[in-house]
K.L.:
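What follows is a structure written as structure tokens; I'll ask about it next.
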Amino acid sequence: MRTLVHLSDLHFGRVDHGLLAPLRTLIERIDPDVLVVSGDLTQRAKPEQFEEARAYLDTLPGPQIIVPGNHDISLYNVFRRFVKPLERYKRYITDDLDPVYIDDEIAVVGVNTARSFTIKDGKVSRDQLEVVRQQLAKVPAEVTRIVVAHHPFDLPDHFEERDLVNRAPRAMQAFSECGVDILMGGHMHASHAGSTAARYQLSEYAALVVQAGTATSTRGRGEVNSFNVLRVDSQMVEIDRYGWDVVHGHFELVDTDKFLRTGNVWTPHNDGLMAAGL
Ligand SMILES: [Fe+2]
Ligand SMILES: [Fe+2]
């Protein structure tokens, strides 16, 4: 079994500083095999915000798989936005825009979905899908395959279709062909774990989509600050969601979702119980 801590939307520049130390302490206690950060490390892609993000990441355990979000591209500076969109991200956070972690149980592949030509939308290109395919082609069949991107590939029904990453259906087709098990994302500042089966009718394939809320930003959009812990086995994944308890000043376990694999289809474990009225 592997344990992943999943942070997202840190938004340095609009951070609730009181959360940083308790978050670090809890992550240290969880002692993950991999720490995932699914984008929006800063609020406005300013050097001091990246510096602060970098300093905080340096205090967290590794290995770390980090991808940029739309807020990590300068919004107002046209030169920075269009000519050098991720220069600061690359300088302060990582110059690897296709980060990969592979061991004998999990393969974690990061994809950059942040783009200059849209304000907040994300996109995944044909070339990026090919890179994912090539990375995962090297991996033995029994290894659980995880893709990390800032923008979501699937969301619950009450979100809009345009909240999804552009070209999501094409990406899902590619992911089905290389057996991607788990899609980890952020951007919505809303937690969610579910199967992609309802939105994408792909033959004998349904991935598990895991969205993290904002771990540290003051822009919670109605949800408390939160993050996820994934326990990944080849046939079973459990996702713990930790939420910030304002009264007691710590992150506490809010709920746990469990998913089981049948072939290449991931399904919520509670389905049978709910159908039986239990
Ligand atoms: Fe965000
Ligand atoms: Fe975002």
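Values below: every heavy atom of this structure, side chains too, minus hydrogens, waters and symmetry copies. Counting starts at 1 for both ligands and their atoms, following the listed order.
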K.L.:
Check L26, V254, L23 against Y242 for a side-chain contact (heavy atoms from CB on, under 4.5 Å) and give me the one that passes.
P.N.:
L26

K.L.:
So, for F175 and F153, is the gap between ring centers shorter than 6.0 Å?
P.N.:
yes

K.L.:
Is it true that K90 and E87 make a salt bridge, defined as a side-chain N closer than 4.0 Å to a carboxylate O?
P.N.:
no

K.L.:
Quick check on the Fe ion (ligand 2): does H187 put an N/O/S atom closer than 2.8 Å to it?
P.N.:
yes

K.L.:
Within less than 2.8 Å of the Fe ion (ligand 2), any N, O or S from M188?
P.N.:
no

K.L.:
Under a plain distance cut-off of 3.5 Å, with no hydrogens placed, do D240 and T256 share a side-chain donor-acceptor pair?
P.N.:
yes

K.L.:
When you draw lines from the Fe ion (ligand 2) to OD2 of D40 and to NE2 of H150, what angle lies between them, to the nearest 10°?
P.N.:
90°

K.L.:
Give a yes or no on whether H189 keeps an N, O or S atom under 2.8 Å from the Fe ion (ligand 1).
P.N.:
yes

K.L.:
For the Fe ion (ligand 1), which N, O or S atom of D9 is at the shortest distance?
P.N.:
OD2

K.L.:
Classify the side-chain pair S217/R14 by whether it contains a donor and acceptor separated by less than 3.5 Å.
P.N.:
no

